[in-house]
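Since the structure comes first, as structure tokens, the remarks are kept for the end.
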Amino acid sequence: MLDLSSLNSRQREAVVHAGGPLVVFAGAGSGKTRVITFRVAHLIAAHGVAPWRILAVTFTNKAAAEMRERLLGLLGEEGAAIQVGTFHATCARLLRRHGEPIGLSKDFTIYDDQDQLALLKRVLRDLRLDEKRYQPKAMAARINYAKQEMQGPEDLETTDSWSEVVRRIYQAYEERLYQANALDFGDLIYRTVRALDSSPSFRDAVVGRFSHVLVDEFQDTNHAQFRLVRLLSEGHRNLCVVGDDDQSIYRWRGADRRNILDFRASFPDAKLFKLEQNYRSTQRILRAANAVIARNVDREPKELWTENEEGDAILVVRTMDERDEARLVLRGVRELLSRGQRLSDVAVFYRTHAQSRVIEEALRSANIGYRIVGGMRFYDRAEVKDLLAYLRVMTNPADDMSLLRIINTPARGIGKTTIVRLLDSAALQGRGLSDILDDHEVLAQLGNAARKRLAAFGRLLCDLRDLASSGLPLGDIGAELVRRSGYGEMLQQDDTPEADARLQNVQELVASMDELAREHPDASLSEFLENVTLQTSADEQTEGDRVTLMTVHAAKGLEFPIVMVTGLEERVFPFKGIDPWEDPDELEEERRLAYVAFTRAEQRLILSLAGVRRIFGQQRVGVPSRFLTELPGEDVEWIGTIPPSLAGASGIERRVPEPAESYVDYSESDLDDMEGLRRGMQVRHPKFGVGEVREVAQGSPPRVSVRFPGWGTRKIIASYLEPA
DNA sequence: TCCGAATTAATTTTT
DNA sequence: TTAATTCGGA
């Protein structure tokens with residue numbers, strides 16, 4: 001029997017609750033994954049549900065892997081039969097297995113964002129449309145959104161000629177995808193839902209397969225995903241969704257918090273549980289996070305609490321500029337090291353990637369190891385993508401985008417002109433490239449040399465396709481491909497400094513094929529490719545004792561003993577572009593982001609802001625983030641000047657740093673520096689334009705005398721100025 | 001066919 | 001500021 005004694009009473013209730021719809025609001029660090037895994041285990045152990053009839057869906061491969069592992073731990077061998085996977089992987093599996101009746105071949109290729117963009121550019125070219133007017137990125141966003149909303153081209157509203165064209169683009173894009181025997185990410189969900197909706201044979205094959213469906217991070221589902229989940233639990237209605245509306249930070253990707261907030265509108269009889277006991281953070285950290293998130297209006301009310309110790313105050317440090325802030329991080333890390341913490345205990349968060357550079361530089365110059373989460377993915381490197389394109393063409397002859405990628409890589413004298421002619425013929429006849437490649441009429445239009453080279457390329461493709469179906473182990477196929485395609489040789493000839501690393505990446509790719517073959521001897525090439533496409537940087541493992549640097553988004557789901565959040569300034573965090581806020585929902589999402597950041601910390605939370613920050617080459621005065629003003633004063637310790645906008649805030653007191661404990665040496669800096677303003681500096685005011693600073697006056701708020709040509713000398717509150 | 005100048009745009013990115 | 005992409009000339 002499953003031992004539930006390690007669960008608290010709330011968790012236990014959610015675990016043992018019998019069938020029917022169930023929604024669990026699981027606050028940060030409240031043991032969400034434990035509840036899901038125990039619930040699955042309990043269904044099997046206590047209710048006798050067959051493992052293979054349980055479907056657990058997550059958003060990331062990492063989360064899926066973790067869940068699988070825990071289930072194996074709880075259930076042993078039996079756990080292996082449970083269907084655990086991401087939304088996309090789950091749909092891909094269903095479509096591969098049962099897609100034939102709806103016109104899908106088993107060997108379809110999955111196009112990632114880059115492939116999608118390339119395909120759209122080709123569509124625009126075929127339709128002779130201007131890329132300025134119909135930007136490929138915008139078109140991709142529109143199409144992805146449509147698919148999230150379960151809209152096909154025919155469902156797009158066309159109010160003017162522009163939207164009319166957009167619809168045509170969407171239509172042509174779909175045709176091209178079909179021709180290439182490919183699906184994009186959005187399709188995986190969209191097509192599955194459509195098939196469930198409209199194809200009785202598909203529905204019969206899929207529904208009834210599962211008797212229980214569980215969804216993790218439900219607050220991040222979009223419309224199509226919710227539809228999918230509903231369809232999959234039609235009949236049995238054993239749908240358990242777990243999530244936290246306060247941690248929903250992907251609205252801009254189509255996530256709809258209403259899915260969890262209004263779950264009971266769809267399932268009126270759903271049982272609701274809230275997990276509010278936190279096992280991660282100190283009381284002070286939790287109070288701070290609670291205080292901030294409580295400002296959001298649109299949320300399910302809840303308050304995290306903990307039995308953990310009170311803990312240290314939250315440190316807020318104001319530095320001069322972003323370089324000074326980076327030095328603060330460095331000092332912080334060093335100080336923690338000297339207190340016996342490990343580098344891997346520390347995480348540094350920022351709102352945007354652009355902020356990482358200075359911090360990296362500071363750490364690098366001090367020889368402190370760090371790793372950046374969410375940088376370039378292994379599978380995004382050009383050489384890896386090239387080889388993957390070969391593999392795709394081998395399994396899916398219709399994959400035009402991949403074919404275009406490799407047709408002249410390595411260089412085999414097939415130039416732009418030839419390719420353009422091929423593309424034009426293909427567009428004209430509405431056929432795919434590989435189709436055109438051995439068409440005599442098309443070839444007749446080309447020069448002699450081009451024809452010969454294309455023929456040679458065609459032979460290579462045949463050869464490689466034979467290789468793909470040779471039954472050789474995956475790793476051997478990879479190695480042979482590198483040899484026969486000439487790709488390996490190309491890299492060996494290359495004497496640029498990067499060539500070595502690229503060759504290494506190529507070997508690594510072959511090794512990963514080998515590894516899959518050893519783990520799953522019957523895995524096919526297309527399975528390998530699917531694995532790769534659905535893989536992300538977040539899945540790459542961590543190793544070594546290093547400081548972790550990442551965006552707040554990347555931090556969701558993680559925890560660290562010590563967390564430093566940088567850039568707590570208005571327009572940085574909360575982020576805001578040039579336009580004024582139009583949308584209060586956006587501010588609330590930024591606040592949720594802050595909540596996510598703060599609740600990652602177990603023991604210490606250190607927040608920093610810069611008096612002046614260089615953004616896009618322009619200096620900007622840093623106005624302290626409103627989120628700082630929302631912190632409970634008694635749990636916060638300020639180092640440095642209290643910014644004017646906070647001076648009146650309750651409970652905040654200035655603490656003059658004692659040298660021993662200060663992270664940044666303030667001895668040389670005075671108020672001028674703290675505000676980033678000096679006499680003689682050129683500053684810009686929204687109304688008066690550019691002027692020169694005459695005098696900087698202490699006080700709160702600090703005011704600055706500025707002489708503006710045409711306006712005279714004015715006293716201005718410092719935070720209204722930006723350096724010109 | 002390739003390299004360097006010019007141009008452009010600039011959050012976050014689970015798959 | 002910078003990085004990425006595009007374009008033009010050799």
Side-chain angles (χ1 to χ4, degrees), chain A residues 57-66 85-92 110-117 121 131-132 135-138 140-141 144 147-148 183-190 192 215-222 224-225 243 247-255 322 349-358 373-377 379-380 408 411-419 530-539 550-558 567 571-579 586 589-590 592-594 596-597 613-620:
Chain A
V57 189
T58 62
F59 274 85
T60 64
N61 294 299
K62 196 177 163 195
E66 189 185 332
T86 64
F87 270 99
H88 296 265
T90 301
C91 287
I110 300 172
Y111 275 5
D112 66 15
D113 294 343
Q114 283 181 44
D115 301 319
Q116 178 183 46
L117 211 58
K121 284 184 182 164
E131 283 199 14
K132 293 270 149 58
Q135 295 186 355
K137 287 225 177 77
N144 292 338
K147 287 181 179 173
Q148 269 163 37
L183 298 183
D184 63 26
F185 281 147
D187 272 337
L188 292 173
I189 319 286
Y190 172 67
T192 308
V215 187
D216 193 12
E217 305 278 18
F218 193 69
Q219 76 281 355
D220 288 332
T221 50
N222 61 35
Q225 286 160 337
Q247 291 185 69
S248 169
I249 53 177
Y250 287 101
R251 192 176 81 109
W252 49 277
R253 289 275 259 131
E322 75 277 0
F349 301 161
Y350 33 79
R351 177 65 243 268
T352 66
H353 284 299
Q355 290 165 247
S356 75
R357 239 193 46 193
V358 261
V373 176
M376 182 78 159
R377 296 193 296 157
Y379 293 111
D380 278 343
N408 199 34
R412 39 178 80 91
I414 302 176
K416 209 189 285 171
T417 332
T418 310
I419 293 172
E530 173 170 319
N531 248 310
V532 162
T533 320
L534 298 181
Q535 201 79 219
T536 48
S537 52
D539 305 322
M550 62 183 135
T551 64
V552 181
H553 281 88
K556 198 180 78 167
L558 305 178
R571 299 173 73 181
V572 176
F573 194 6
F575 178 87
K576 181 178 64 160
I578 304 301
D579 300 329
E586 224 159 282
E589 176 135 326
E590 293 292 317
R592 289 193 292 272
L593 213 40
V596 167
R613 184 180 298 273
R614 196 167 253 289
I615 292 174
F616 299 151
Q618 299 220 317
Q619 290 267 332
R620 235 166 45 182

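Just so it is clear: chains get the letters A, B, ... in the order the sequence lines come, proteins before strands, and each one is counted from 1.
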Could you tell me how far apart [X] ([atom1]) and [N] ([atom2]) are, to the nearest whole angstrom?
{"X": "A:Glu322", "N": "C:dT2", "atom1": "CD", "atom2": "C1'", "answer": "14 Å"}
{"X": "A:Met550", "N": "B:dT13", "atom1": "CE", "atom2": "P", "answer": "11 Å"}
{"X": "A:Arg251", "N": "B:dT12", "atom1": "CZ", "atom2": "P", "answer": "17 Å"}
{"X": "A:Phe185", "N": "B:dT14", "atom1": "CZ", "atom2": "P", "answer": "10 Å"}
{"X": "A:Gln618", "N": "C:dT2", "atom1": "CD", "atom2": "P", "answer": "14 Å"}
{"X": "A:Gln355", "N": "C:dT2", "atom1": "CD", "atom2": "P", "answer": "16 Å"}
{"X": "A:Gln135", "N": "B:dT8", "atom1": "CD", "atom2": "C1'", "answer": "10 Å"}
{"X": "A:Leu593", "N": "B:dT14", "atom1": "CG", "atom2": "C1'", "answer": "14 Å"}

Want to settle it: does A:Gly415 or A:His553 sit nearer the 5' end of DNA chain B, counting the closest nucleotide to each?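 The residue mapped nearer the 5' terminus is A:Gly415.
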
Quick check on DNA chain B: between A:Glu589 and A:Arg412, whose nearest nucleotide comes earlier from the 5' end?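 Between the two, 5'-proximity favours A:Arg412.
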
What residues, two or more places apart in sequence or in another chain, satisfy side chain to side chain contact (heavy atoms under 4.5 Å, CB included) together with A:Asp216?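 Partners of A:Asp216 by the side chain to side chain contact (heavy atoms under 4.5 Å, CB included) criterion, ordered by chain and then number, come out as A:Lys32, A:Ile36, A:Thr58, A:Met67.
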
Have a look at [X] and say if it touches a base, only the backbone sugar-phosphate, or nothing, with a 4.0 Å heavy-atom cut-off.
{"X": "A:Arg357", "answer": "sugar-phosphate"}
{"X": "A:Asp113", "answer": "base"}
{"X": "A:Asp184", "answer": "nothing"}

Gap in Å between the two C1' atoms, one belonging to C:dA3 and one to B:dT14, rounded: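 Their C1' atoms lie roughly 25 Å apart.
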
Could you measure between the two C1' atoms, the one in B:dT12 and the one in C:dT5, and give it in whole Å?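 Their C1' atoms lie roughly 22 Å apart.
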
Can a side chain N or O of [X] be found less than 4.0 Å away from OP1 or OP2 on [N]?
{"X": "A:Arg571", "N": "B:dT11", "value": "no"}
{"X": "A:Thr352", "N": "B:dA10", "value": "no"}
{"X": "A:Asn408", "N": "B:dT1", "value": "yes"}
{"X": "A:His353", "N": "C:dA3", "value": "no"}

Output, in order, the C-alpha distance, side-chain angles, deciding distance and verdict of side-chain contact (heavy atoms from CB on, under 4.5 Å) for A:Ile419 and A:Lys416. CA-CA 5 Å; A:Ile419 293 172; A:Lys416 209 189 285 171; 5.7 Å; no

For A:Gln355 and A:Phe573, what are the C-alpha separation, side-chain angles and deciding distance, and is it a side-chain contact (heavy atoms from CB on, under 4.5 Å)? CA-CA 11 Å; A:Gln355 290 165 247; A:Phe573 194 6; over 6 Å; no

Using purine N1 to pyrimidine N3 plus N6-O4 or O6-N4 for Watson-Crick, or N1-O2 and O6-N3 for G-U wobble, both under 3.5 Å, which nucleotide pairs with B:dC3?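 Pair assignment: B:dC3 / C:dG8.
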
G-U wobble or Watson-Crick pairing nucleotide for B:dT11 (cut-off 3.5 Å, both distances):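 Partner of B:dT11: none.
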
Considering only heavy atoms from C-beta outward, does the side chain of [X] approach that of [Y] to under 4.5 Å?
{"X": "A:His88", "Y": "A:Ile189", "result": "yes"}
{"X": "A:Lys556", "Y": "A:Gln247", "result": "yes"}
{"X": "A:Asn144", "Y": "A:Phe185", "result": "no"}
{"X": "A:Lys62", "Y": "A:Leu558", "result": "yes"}

Return the nearest nucleotide to the side chain of [X]; candidates are [options].
{"X": "A:Phe616", "options": "B:dA10, B:dT14, B:dT12", "value": "B:dA10"}
{"X": "A:Phe59", "options": "B:dT13, B:dT14, B:dT11", "value": "B:dT14"}
{"X": "A:Arg614", "options": "B:dT14, B:dT11, C:dT1", "value": "C:dT1"}

Where protein sits on nucleotides 4-10 of chain C, one letter per nucleotide: B base, S sugar-phosphate only, - none, heavy atoms under 4.0 Å: --S----

Looking just at side-chain N and O atoms, do A:Glu217 and A:Gln219 make a donor-acceptor pair shorter than 3.5 Å?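 Their side chains do contain a donor-acceptor pair, which is all the 3.5 Å distance test asks for.
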
Quick check: A:Tyr250 with A:His553 (ring centres under 6.0 Å apart)?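 Yes - the distance between ring centres of A:His553 and A:Tyr250 falls below the 6.0 Å cut-off.
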
Do we see A:Trp252 stacking on the base of B:dT12, given a limit of 5.5 Å between centres and 30° between planes?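 Stacking between A:Trp252 and B:dT12: present.
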
